[in-house]
Amino acid sequence: MTEPLLKVENLRIELKLRDGVAPVIDDLSFELMPGESLSFVGESGCGKSMTALAIMGLLPEGIGRIASGKLIFDGEDLTTASEARLRQIRGNEISMIFQEPMTSLNPVITVGEQIAEVLRTHQGLSRKAAWDQAAELLDAVRIPNPRSRVSDYPFQMSGGQRQRVMIAIALACKPKILIADEPTTALDVTVQAQIFDLLRDLRAQTGTSIIMITHDMGAVAEMAERMIVMYAGRKAEIGPVDQIIDHARHPYTQGLISCVPHIMSDLTETREELTEVPGIVPSLREFGRDQCLFASRCKYRSGECLQHRPPAKGFGNGQISDCWHAEAL
Amino acid sequence: MSETENKPLLDVENLTVRFEVSRGGSWGKRSYLYAVDDVSFTVKRGETLAVVGESGSGKTTTALAVARLVPAYEGAVKVGGTDILGLEGEALRKARQRVQFIFQDPYSSLNPRQRAEAIVREPLDSLSTKSEAEKQEIVDRLFAAVGLRKEQQRLFPHQFSGGQRQRIGIARALATQPELIICDEPVSALDVAVQAQILNLLRRLQAEFGLTYLFISHDLGVVQHMCDSIAVMYMGKVVEHADRLSLFNNPLHPYTAALLSAVPSVDRARREATRRILIPGDPPDPVNMPKGCRFASRCPVAEARCRESAPDLRDVGGGHRVACHLVDERAVSPLAALT
Ligand SMILES: Nc1ncnc2c1ncn2[C@@H]1O[C@H](COP(=O)(O)OP(=O)(O)OP(=O)(O)O)[C@@H](O)[C@H]1O
Ligand SMILES: Nc1ncnc2c1ncn2[C@@H]1O[C@H](COP(=O)(O)OP(=O)(O)OP(=O)(O)O)[C@@H](O)[C@H]1O
Ligand code: SF4
Ligand SMILES: [Mg+2]
Ligand SMILES: [Mg+2]
């Protein structure tokens, strides 16, 4: 049996608030296998980006910290690694595409130089070799005329092309894990489809594991083998994508899937009201309570939901749901 | 159906909006960007027309011109038969009551220093001559209609969630009892659960008040759920315009087909049945549009004539209108020939 590439064990991340601390990630455990594609989904503010930043060792300084738990990457616990070692891992073995594509490129440096710089610092390539490889990477992310486009500045490229440059930078060091935080949210669907194809091909060619963060179940269905549904800093449900879509075992997952008007191929006159999940995600202050944090919005709520945090219930098929009533759903 | 029911509430004819742009270099030479270029469409009373298309295709500009929030360069915008583009003074004020706007961003579209009740009452203050008591009664009713509590009238925007702020925006749009409401990406900034609440609300209000919507969204699942007909825009032009079932079940323009094929789906059967139509490459420079079809540079089935002349938007049967040289009265997708 192959070992997981990344093992997250009982991770707790605390954020400093004006009046105390809040567990923005509260006892999260999961594994990522080599070459696997995993997705995080959930509404805004549920801790998806925070999980990614923790893996990258980039939690907001002075505000966020890993309070307990382990992040074991390739056998090494990142929570106890030195800053120097983390920096080494960050550029070379785990890399990330950030949520805001337009702000993550330097506007006054050519895209080629921005890719080449990564190659020089992390792989020690010469100027010439790095520049050549930058062009090759632009070609790999399917930017037309890469030899001339390397000298472009970010403003000379479309949103989709800039996002591809971001992917090229993230891939420059052939990472073992690529974390993509909402890589296509700002893009048109036709461009999104191209970026997804690209990520799929790159994964097939290089065996890179991909963690993709998104709020779109359709994107999860297209891109991932397994998904983790996050709610208020906790895992609500984890498991194989197809199975969860067929039969979600957590009321929040069911809500996320059924409240969205999914596009249908054979459209008819009938139009049902959309299922509503009432209410909104609780504020950070309420994270960490010993109860189900989804209870105020849940139609299956019963006494124990308000008294204790639900335990993880595993099902034979690899699905795990943190809900008191998971079996009955 | 009676005569008035059949007549469109909104009839946009040959609408053109252009912006002057400076392109460094040539002195004194003016260039224009035709953000909306000779666009015509109609919306029936009580129905929803969705406008879709990629970023920069001219959706917002069209909507703003219909609401007279940007000046049109040419064309007519008829609301209930009256062209509102030429109106001024009292007549314009009356027309403005009939057309309201809901904006994308519930965070920046509300004045942070005004209480919710004042925000909702504002169009009544500026556009109507009702008494204070009448206005208060209307505001009370609107708060109830969009699912907000009476005591929330006294709160400021920052004390509401994103979805609640969008409800305030909707209540404000309803205040003058408009006939046409323009919704520009009304749920894009919201989480999916809240989005469902707002979409249901918009449909309930439509049924209750007989509202007509011009609904802009980039989310085709949302569009499919909300619309009665759709206009697909590409680079300032409407390339396809049809009723909901015709457009989704038989998309004829290659761009429409590519757009629909790109939507990710949770439905495994749909994923397996859908052939992705790739349209790589870039759209043309909007200041320097090609003489032929604007989609030709990315179209998988473009022919020589596509680069030569621009196709007109033609009815190919049953009101299904398409602007493509390769689509005729047989209404067969030109992509069907691709294998
Ligand atoms: N630098 C920061 N300082 C204080 N609080 C923060 C900071 N960054 C994030 N938070 C808070 O932490 C919580 C989780 O944020 P996170 O960015 O992980 O959410 P997310 O699931 O990625 O949401 P989104 O879908 O909006 O990107 C939120 O309540 C957020 O406001
Ligand atoms: N005030 C303006 N001055 C100059 N150009 C403008 C102005 N407003 C819009 N444009 C241009 O007009 C075109 C259409 O823009 P518009 O905002 O209508 O697009 P859109 O379809 O709403 O796009 P999105 O999906 O990104 O909102 C774009 O090329 C845009 O850059
Ligand atoms: S634990 Fe209770 S409240 Fe929470 S999701 Fe399950 S049924 Fe709903
Ligand atoms: Mg995030
Ligand atoms: Mg717009």
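Reminder, nothing fancy here: chain letters follow the sequence lines and each chain counts from 1.
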Inset, instruction - Taking atom types as modelled, find out whether B/Gln197 and B/Arg167 have a side-chain donor-acceptor pair closer than 3.5 angstrom. - result: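 Result is yes, a qualifying pair exists.
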
Inset, instruction - Indicate whether the side chain of A/Asn145 and that of A/Ser148 have a donor and an acceptor atom separated by less than 3.5 Å. - result: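 No, A/Ser148 and A/Asn145 have no side-chain donor paired with an acceptor closer than 3.5 Å.
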
Looking only at heavy atoms and a cut-off of under 4.5 Å, which of [options] has the most pairs with chain B?
options                                : answer
A/His262, A/Gln192, A/Glu273           : A/Glu273
A/Met264, A/Met217, A/Arg297           : A/Met264
A/Leu256, A/Asp216, A/Asp242           : A/Asp242
A/Ile257, A/Val191, A/Thr275, A/Thr268 : A/Thr268
A/Asp266, A/Val277, A/Ile143, A/Val281 : A/Val277

Charged N to carboxylate O below 4.0 Å: is that the case for [X] and [Y]?
X        : Y        : answer
A/Arg226 : A/Glu36  : yes
A/Asp197 : B/Arg276 : yes
A/Asp139 : A/Arg149 : no
A/Glu225 : A/Arg203 : yes

Inset, instruction - Could you tell me how the ring of A/Tyr153 sits relative to the ring of A/Phe155: parallel (under 30°), tilted (30 to 60°) or perpendicular (over 60°)? - result: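 Judged by the thresholds at 30° and 60°, the geometry between A/Tyr153 and A/Phe155 is parallel.
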
Do you know which of [options] has the most heavy-atom pairs under 4.5 Å to chain A?
options                                : answer
B/Arg268, B/Gln164, B/His225           : B/His225
B/Leu190, B/Asp267, B/Asn200, B/Thr274 : B/Asn200
B/His218, B/Gln195, B/Arg271           : B/Arg271

Please look at [X] and chain A and tell me whether the side chain, the backbone, both or neither of the residue comes under 4.5 angstrom of a heavy atom of that chain.
X        : value
B/Leu278 : side chain
B/Arg270 : both
B/Leu220 : both
B/Glu54  : both
B/Arg244 : both

Is it the backbone or the side chain of [X] that comes under 4.5 Å from a heavy atom of chain B, or both, or neither?
X        : result
A/Val260 : side chain
A/Thr214 : neither
A/Leu267 : both

Legend entry - Separation between SG of A/Cys259 and CG of A/Leu274, rounded to the nearest 0.5 Å: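 Here the interatomic distance stands at 7.5 Å.
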
Inset, instruction - Let me know which of B/Leu259, B/Leu247, B/Ile230 forms a side-chain contact (heavy atoms from CB on, under 4.5 Å) with B/Glu240. - result: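 Filter result, single survivor: B/Leu247.
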
Legend entry - Validation row: B/Leu199, B/Val187 side chains within 4.5 angstrom (heavy atoms):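 B/Leu199 vs B/Val187: side chains touch.
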
